[in-house]
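I have placed the structure first, in the form of structure tokens, so that the comments after it can refer back to it.
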Number of protein chains: 2
Amino acid sequence: MTDRTITLLIVDDHPVVRDGLRGMFASDPGFDVLGEAAGGVEAVELVQRLDPDVVLMDLRMPDGGGVRAIAELTRRGARAKVLVLTTYDTDSDTIPAIEAGATGYLLKDAPRDDLFTAVRAAAEGRTVLSPAVASRLVSAVRNPSPAAGALSAREREVIELVARGTSNREIARELFISEATVKTHLTHVYGKLGVKDRAAAVAVAYERGILG
Amino acid sequence: MTDRTITLLIVDDHPVVRDGLRGMFASDPGFDVLGEAAGGVEAVELVQRLDPDVVLMDLRMPDGGGVRAIAELTRRGARAKVLVLTTYDTDSDTIPAIEAGATGYLLKDAPRDDLFTAVRAAAEGRTVLSPAVASRLVSAVRNPSPAAGALSAREREVIELVARGTSNREIARELFISEATVKTHLTHVYGKLGVKDRAAAVAVAYERGILG
DNA sequence: CGGGCCATCAACCGATCGGCTGATACCCCT
DNA sequence: AGGGGTATCAGCCGATCGGTTGATGGCCCG
């Protein structure tokens, strides 16, 4: 297993990142970078043509994005394992990617050795997740929606006002509570919706029918 | 016209505001406050029972909100003129309120005399708008949706990333532009969507089908 | 009765945002 | 040629946000 050379395809819209990755893997004879793609569409084409063992895939690319490409590869029953390598670890990125068929999910700040290990693991079909992503996934799976979709009444009031562009201070006045409490509610909302800020919270709330 | 006593109904969920308004109008013999309501539902009931000339209505109340109450009054063909008196002047508040049938729209920071004048004007069926609201409405009417719904491609990319919880700096990296440019795009988006922050922009984008 | 969820509040701090002003440049249309 | 829309960038600044820690009290469930 470990002896065979692992062939790779690098997919990222940032040339710098592509170069960096190519350089890294070039230094280890255990890997062979077959090619690069700058977008999802190109990636699907190259996978067909080059048939790599592992695809290092960025999410969030200009032309449609990585999730669509992963789904397409899965649909076609591609042999290649997809290892997502991205900067962000939001639920709205990770979960769709995993659902679409990604074998692993790493953050770009992962140490070089972790990356090598992860690629080898992915080549063998084993799932690799960044610790942060892993813990998030576990809770997401354990609480498929109970903890996810279940905002309390108060929390719903708050997010509804947020969607209207109301500031925390204004929300406080509106609901007869302190600004501190508003922030507490929002922090809880962020946790439940798997986001980091109010804008994303509003988006997820719409996606789940909590708003709109 | 000006000689007759004008009867009022005060609708606001803040007791303090209700007291303040009641006190103001009590000091002028030209007005007679018939009653108060703390929410939209109660307001509709009281209008039926008390038949005031003018309803001073807050938007954004716990039980459904002022817009719904205004619409209900309009539907029932109530004689009372509704004068919206609120703190916020977002498009998402003003336009629905006017559409629902409000005769006027004042901000709570309006001087006391302006308020009196506005109530008298409303009683006569004349439309009264805060200067800020007026100018906003004009442009909203002149550009029914052309300037409203038409985000440029770049702007759509930006708001889409915002909805995913991406910070301005991250968006800049993502799109290969500077953070300053991202902010410029967002400022334009706020203007076009009639909002003041990213959270509200995401909400409006969903409402208009730009996102989702 | 203890544990968990909810709601409430406080104070601090760094990061981010949004507003403002001003500028360059391209393109399309008149 | 000029105007308008779009895209790009800069710097400054106050306001706001989000994270953190810690705490109180009510409520329900087992």
Looking only at side-chain atoms of B:Thr181, point me to the closest of C:dA10, D:dC17, D:dC9. D:dC9
Pairing of B:Glu155 and B:Lys192 as salt bridge, 4.0 angstrom limit: yes
For D:dC17, does OP1 or OP2 lie under 4.0 Å from any side-chain N or O of A:Arg198? yes
Under-3.5 Å donor-acceptor pair between B:Lys183 side chain and C:dG19 base: yes
Of the options C:dT8, D:dT6, D:dC17, whose atoms approach the side-chain atoms of A:Ser167 most closely? D:dC17
Which one, D:dA7, C:dA10, C:dC6, comes nearest to the side chain of A:Ser178? C:dA10
Length of the line joining B:Leu186:CG and C:dT16:C1', which is rounded to integer Å: 12 Å
Should the pair A:Phe31 and A:Phe116 be assigned to parallel (<30°), tilted (30 to 60°) or perpendicular (>60°) ring geometry? tilted
Let me know the distance between CZ of B:Phe176 and P of D:dA7, rounded to the nearest Å. 17 Å
Separation of A:Glu170 atom CD from D:dC17 atom P, in whole Å? 8 Å
Indicate yes or no for a side-chain donor-acceptor contact from B:Glu170 to the backbone of B:Thr166 under 3.5 Å, with no hydrogens or angles considered. no
Given side chain to side chain donor-acceptor pair (under 3.5 Å), test B:Thr184 with B:Thr181 step by step and report yes or no. CA-CA 5 Å; B:Thr184 303; B:Thr181 305; 5.7 Å; no
Under 4.0 Å between a Lys/Arg side-chain N and an Asp/Glu carboxylate O for B:Glu160 and B:Arg164? yes
Taking only side-chain N and O atoms of A:Asn168, does any of them lie within less than 4.0 angstrom of OP1 or OP2 on D:dT16? no
What is the distance from OH of B:Tyr190 to C1' of C:dG19, rounded to the nearest Å? 11 Å
Check the distance between D:dG19's C1' and A:His185's NE2 and give it to me in whole angstrom. 17 Å
Find the distance B:Arg169:CZ to D:dA10:C1' and express it as a whole number of Å. 15 Å
Nearest of D:dG18, C:dA10, C:dG18 to any side-chain atom of A:Ala180? C:dA10
What about B:Thr184, does its side chain sit under 3.5 Å from the base of D:dC9 through a donor-acceptor pair? yes
Verify the contact: side-chain N or O of B:Thr187 to OP1 or OP2 of C:dC20, cut-off strictly under 4.0 Å; return yes or no. no
Here the distance between atom P of C:dA7 and atom NZ of A:Lys192, to the nearest Å, is 7 Å
Calculate the interatomic distance between A:Glu155 atom CD and C:dA7 atom P; express it in whole Å. 6 Å
